[in-house]
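For the single chain, residues carry numbers from 1 onward in sequence order. Just so it is clear, the values below take in all heavy atoms, side chains as well, and ignore hydrogens, waters and symmetry mates. Nothing here was measured: the structure is a model prediction, and the numbers come from that model.
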Amino acid sequence: MNDQFFIERCSTLGKKAANNGNAPVGALITAGNQIICEAEENSAVKRDVTCHAELEAIRKAVILLDSNDLSACTLYTTHEPCVMCAYAIRYYRIQKVVYLSKVDN
């Protein structure tokens, strides 16, 4: 599997999020080229601005790996991470981030 495969999976998750009434964002985390967890945007449905797909994936990875050190992981997402998500990525030491769409300012 390669970056394109994982990004395509994120796009599928993003479509699912949009179908559920959320922003069309999907994210997943890999380690050793294996998917550890997947998540979709849930901010609208949960009425919680912190439920971005990237943060939802990080929360799952921390629980599944029983560690705050995600330095062996890669985060894939459909959109460039926002400042909030970027802070979490840095805090959990995720080594690589791959995203499909850049946010224009």
(request) List the atom of D3, the atom of K96, and the distance in Å for their closest heavy-atom pair. (result) OD2-NZ, 3.5 Å
(request) Quick one: which residue pairs count as a ring-ring contact (aromatic ring centres under 6.0 Å, His included) with a foot in residues 2-46, not counting sequence neighbours? (result) F6-Y76
(request) State whether the side chain of S71 and the backbone N or O of I94 hold a donor-acceptor pair below 3.5 Å, judged by distance alone. (result) no
(message) Please determine whether residues L13 and I35 belong to a single hydrophobic cluster, defined as Ile, Leu, Val, Met, Phe, Trp and Tyr linked transitively by side-chain heavy-atom distances below 4.5 Å.
(response) no
(request) Answer yes or no: is there a side-chain heavy-atom contact under 4.5 Å between P81 and V97? (result) yes
(message) One pair to check against side chain to side chain contact (heavy atoms under 4.5 Å, CB included): L100 and S11. What are the steps and the verdict?
(response) CA-CA 9 Å; L100 180 62; S11 293; 3.7 Å; yes
(message) I need the minimum non-hydrogen distance between V45 and N22, along with the two atoms involved.
(response) N-OD1, 3.0 Å
(request) Would you indicate whether the side-chain heavy atoms of P24 and K15 approach each other to under 4.5 Å? (result) no
(request) Would you name the heavy atoms of T74 and V98 that are closest together and state the gap between them? (result) CG2-CG2, 4.3 Å
(message) If I take atom CZ from residue R9 and atom OG1 from residue T30, how far apart are they, to the nearest 0.5 angstrom?
(response) 14.0 Å
(request) May I ask you to test the I58-I89 pair for a side-chain heavy-atom distance under 4.5 Å? (result) yes
(request) Could you grab the distance from atom NZ of K16 to atom CD of E41, nearest 0.5 Å is fine? (result) 14.0 Å
(request) Work out which heavy atom in C73 is nearest to a heavy atom in I29; give both atom names and the distance. (result) CB-CG2, 3.6 Å
(request) Identify the two heavy atoms, one from Y92 and one from N68, that lie closest to each other, and give their separation to 0.1 Å. (result) CD2-O, 3.2 Å
(request) Determine whether L70 and R93 make a side-chain contact, defined as any pair of heavy atoms from C-beta on separated by less than 4.5 Å. (result) no
(request) Indicate whether the side chain of E40 and that of N20 have a donor and an acceptor atom separated by less than 3.5 Å. (result) yes
(message) If we count only N and O atoms by modelled type, under 3.5 Å, do the side chains of T77 and E54 hold a donor and an acceptor together?
(response) yes
(request) Output all residues satisfying side-chain hydrogen bond (donor to acceptor under 3.5 Å, both in side chains) with E56, sequence neighbours left out; order by chain, then residue number. (result) N42, K46, R59
(request) Determine the minimum heavy-atom distance between L75 and A27, stating which atoms define it. (result) CD1-CB, 4.3 Å
(message) Walk me through whether L28 and I36 qualify under side chain to side chain contact (heavy atoms under 4.5 Å, CB included).
(response) CA-CA 8 Å; L28 61 83; I36 299 299; over 6 Å; no
(message) Regarding D48 and T50, do their side chains bring together a donor and an acceptor under 3.5 Å, going by distance alone?
(response) yes
